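All remarks here apply to the structure that follows.
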2 protein chains.
Amino acid sequence: MRQSEKEQRLHAFGRVCRDRGLSFTPQRRAILGAILDLNNHPTADQVHAALARRRPRVSRATVFRTLEAFARAGIISKACHPGSAVRYDWRTETHHHMVCLRCDRVMDFADPRLDALAVPDTRTFGFVVSELRVQLRGTCRRCRQLEDRR
Amino acid sequence: MRQSEKEQRLHAFGRVCRDRGLSFTPQRRAILGAILDLNNHPTADQVHAALARRRPRVSRATVFRTLEAFARAGIISKACHPGSAVRYDWRTETHHHMVCLRCDRVMDFADPRLDALAVPDTRTFGFVVSELRVQLRGTCRRCRQLEDRR
DNA sequence: TTAAGTGCAAAAGCTTTGCGGGTAG
DNA sequence: CTACCCGCAAAGCTTTTGCACTTAA
C-alpha cells in the first residue's frame with residue numbers, strides 16, 4: 001500500500017473511531033497502521049510482533065483489546081478460517097477469500113460476479129444475513145511446492 | 001440423527017479409517033459418535049466434554065490428536081469461523097454455512113443453486129481450488145433476541 | 001508381533017481480566 | 001475534569017508434546 005493511501009486510510013479510521021465514541025490514541029493508530037502494512041489477515045500476536053520495535057510501545061493486552069473493540073464496532077472485521085487464532089481484516093466491505101487448508105493462509109479474491117450473488121432466504125432459521133461471501137478452499141502455491149518436493 | 005443412521009455412518013467411518021491406514025479404536029469410534037451427536041461444528045473441547053461421563057474414557061490429548069489426524073486424512077473437515085478454537089465438521093462434502101458474527105455459531109445451509117456456482121480462475125495466484133463454499137455472515141436468532149432485550 | 005494409539009502431565013500458545021496509573025476529548 | 005485507555009502481571013483457555021504403557025490389526 002502506498003504511503004499516501006495508508007495515511008488517508010488512517011485518517012478515515014480516526015474519523016470513524018470518533019464517530020463511534022472510541023478515542024483514537026497513538027497506540028490505536030499504530031495498531032491500525034500495522035494491520036494495513038501486514039495486509040494479510042494477521043493474528044493479534046502478529047500485529048503485536050510487528051509493533052515490537054516501534055514507537056509508541058504497545059502492550060500485548062492493548063493489541064488484543066483494541067482489535068476486539070474495533071471488530072465489535074465494525075471498524076475492522078474478522079476473517080473466517082479453519083485455524084485456532086482470531087484473524088483480523090482491515091477491510092470491512094464485502095469481498096472473498098481463498099483459504100489454504102494446509103496452512104490456514106487467507107488471501108483476498110475480488111470478483112464482481114460473486115459480489116452480485118443474491119442472498120438466499122434464511123428466515124426459517126431466524127438468521128438475518130448481513131452479507132454473502134464466497135470461500136475458495138484449496139491449496140496455496142507454497143504448500144503445493146512443499147508437497148511436490150516430497 | 002436417527003440411531004440407525006448414526007450406526008451406518010460410524011460403520012462407514014470405520015471403513016474409511018482402515019482405507020487410510022488409521023486404526024479404528026474404541027476411542028476413535030466414541031469421538032466420531034460424539035461429533036455426530038453434537039452435530040454443530042464443535043470444538044475439540046466440546047467433543048471431550050460430551051464424552052466425559054461415557055465409556056470408553058477418552059483423554060483430552062487423544063481428542064485433540066484424533067480430530068486433527070482425521071481432518072488431515074479427510075475423514076472429517078474443519079469449519080471456517082471467526083473465533084479462537086478449531087471447529088470440526090463431520091460433513092466433508094461441499095455445503096454452506098450461516099455464521100453468526102456475535103457468537104461465532106456456525107449453522108449448515110443447503111442450497112443447490114449455490115452448489116452449482118462455477119469456480120473462478122485462481123491460477124494467477126498459484127492457488128488450486130478444491131471447492132467453493134458460501135458463507136452467510138449475520139446474526140443468529142438467539143443473539144438478536146438478546147440484543148432486543150436491551 | 002509391532003507400529004500405531006493412548007493417558008498423563010508438563011509446556012507452549014492464545015486471550016481475557018483486574019488494577020493502578022495515565023490521557024484524550 | 002472524567003470517562004476511557006494503557007501497561008503489567010496473573011489467570012484462564014486451547015493445543016501440542018514427550019514418554020511409558022497398551023492395543024488393534
Side-chain angles (χ1 to χ4, degrees), chain A residues 10-11 13-32 34 41-73 75-76 78-79 81-88 103-104, chain B residues 10-11 13-32 34 41-73 75-76 78-79 81-88 103-104:
Chain A
L10 283 174
H11 190 263
F13 275 133
R15 196 157 27 77
V16 179
C17 280
R18 292 190 182 94
D19 285 354
R20 303 274 209 281
L22 299 173
S23 42
F24 195 57
T25 63
Q27 286 88 343
R28 292 183 169 186
R29 188 178 211 280
I31 288 168
L32 288 169
H41 317 92
T43 65
D45 245 351
Q46 288 169 334
V47 172
H48 179 252
L51 293 171
R53 307 187 155 282
R54 305 273 272 282
R55 304 291 316 177
R57 269 292 163 66
V58 188
S59 73
R60 188 184 296 267
T62 294
V63 175
F64 276 90
R65 268 191 294 233
T66 299
L67 289 172
E68 192 57 32
F70 282 174
R72 288 188 64 79
I75 294 168
I76 61 176
K78 293 184 180 184
H81 63 94
S84 64
V86 179
R87 312 269 300 259
Y88 294 94
C103 67
D104 298 347
Chain B
L10 283 174
H11 191 263
F13 276 132
R15 195 157 29 76
V16 178
C17 280
R18 293 190 181 92
D19 285 354
R20 302 274 209 282
L22 300 174
S23 42
F24 194 57
T25 64
Q27 286 89 340
R28 293 184 167 184
R29 187 178 212 280
I31 288 168
L32 287 169
H41 317 90
T43 65
D45 243 353
Q46 288 170 333
V47 172
H48 179 251
L51 292 171
R53 308 187 155 282
R54 305 274 270 284
R55 304 292 314 177
R57 270 291 162 68
V58 188
S59 73
R60 189 184 296 267
T62 294
V63 174
F64 277 89
R65 270 191 292 234
T66 299
L67 290 172
E68 192 57 32
F70 282 174
R72 288 188 65 79
I75 294 168
I76 61 177
K78 293 184 179 184
H81 62 93
S84 63
V86 178
R87 311 272 299 260
Y88 295 95
C103 68
D104 298 348

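Here is how names work: the chains are called A, B, and so on, in the same order as the sequence lines, proteins then strands, and each is numbered from 1. Bear in mind the structure is a predicted one, so any value in this text is a computation, not a measurement.
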What's touching nucleotides 19-23 of chain D from the protein side, N or O pairs under 3.5 Å?
none

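Two residues are said to be in side-chain contact when any heavy atoms from C-beta on lie closer than 4.5 Å; R28(B) and F13(B) fail this criterion. L22(A) places a side-chain heavy atom less than 4.5 Å from the side chain of F70(A).
If you measure from atom OH of Y88(B) to atom C1' of dT15(D), you get 9 Å, rounded to the nearest angstrom. Spacing between atom CD of E68(B) and atom C1' of dT17(D) amounts to 14 Å, rounded to whole angstrom units. In this structure, CZ of R57(B) is placed 19 Å from C1' of dG5(C), rounded to the nearest angstrom. Nucleotide dT15(C) holds its C1' atom 15 Å from the CZ atom of R72(A), rounded to whole Å. The distance between atom CZ of R29(A) and atom C1' of dC5(D), rounded to the nearest whole Å, is 18 Å. One can place CZ of R60(A) at 15 Å from C1' of dA11(D), the figure rounded to the nearest angstrom. Atom pair I31(B):CD1 and dT6(C):C1' shows a separation of 10 Å (rounding to whole Å applied). In this structure, F70(A) atom CZ and dC5(D) atom P are separated by 9 Å, rounded to whole Å.
I31(B) approaches V63(B) most closely through the heavy-atom pair CD1-CA, 3.9 Å. The two atoms that bring V58(A) and T62(A) nearest to each other are CG1-CG2, 3.8 Å, heavy atoms only. Closest of all the heavy-atom pairs between A79(A) and H41(A) is CB-CD2, 4.1 Å. Between P82(A) and D104(A), the closest heavy-atom pair is CG-OD1, 3.5 Å.
Note on T43(A): nothing from the nucleic acid sits closer than 4.0 angstrom, heavy atoms only.
Taking side-chain N and O atoms only, S23(B) has no distance below 4.0 Å to OP1 or OP2 of dA24(D). OP1 or OP2 of dG7(C) has at least one side-chain nitrogen or oxygen of Q27(B) nearer than 4.0 Å.
Distance from the side chain of F64(A) is smallest for dT15(C) among the nucleotides dT15(C), dT15(D), dG7(D). The nucleotide whose nearest atom lies closest to any side-chain atom of F24(A) is, among dT15(D), dG25(C), dC6(D), dG25(C). If you check dC5(D), dT15(D), dC14(C) against the side chain of L22(A), the one that comes closest is dC5(D). Considering only the side chain of A61(B), dC8(C) comes nearest among dC8(C), dT15(D), dT6(C).
In this structure, the helix from dT1(C)-dA25(D) to dG25(C)-dC1(D) shows an angle of 50° between the axis at its start and the axis at its end, each fitted on 5 base pairs and rounded to 10°.
No donor-acceptor pair under 3.5 Å is formed between the side chain of R18(A) and the backbone N or O of S23(A). Looking at Q46(B), its side chain does come within 3.5 Å of a backbone N or O of T43(B) through a donor-acceptor pair.
Take the nearest nucleotide of DNA chain C for P56(B) and for S84(B): the residue whose nucleotide is more 5' is P56(B). In terms of position on DNA chain D, the residue among A44(B) and R18(B) whose nearest nucleotide sits closer to the 5' end is A44(B).
Going from atom CG of L67(A) over to atom CG of L32(A) covers 8.0 Å, rounded to the nearest 0.5 Å.
Under the side chain to side chain contact (heavy atoms under 4.5 Å, CB included) criterion, H81(A) pairs with R87(A), V106(A), not counting sequence neighbours.
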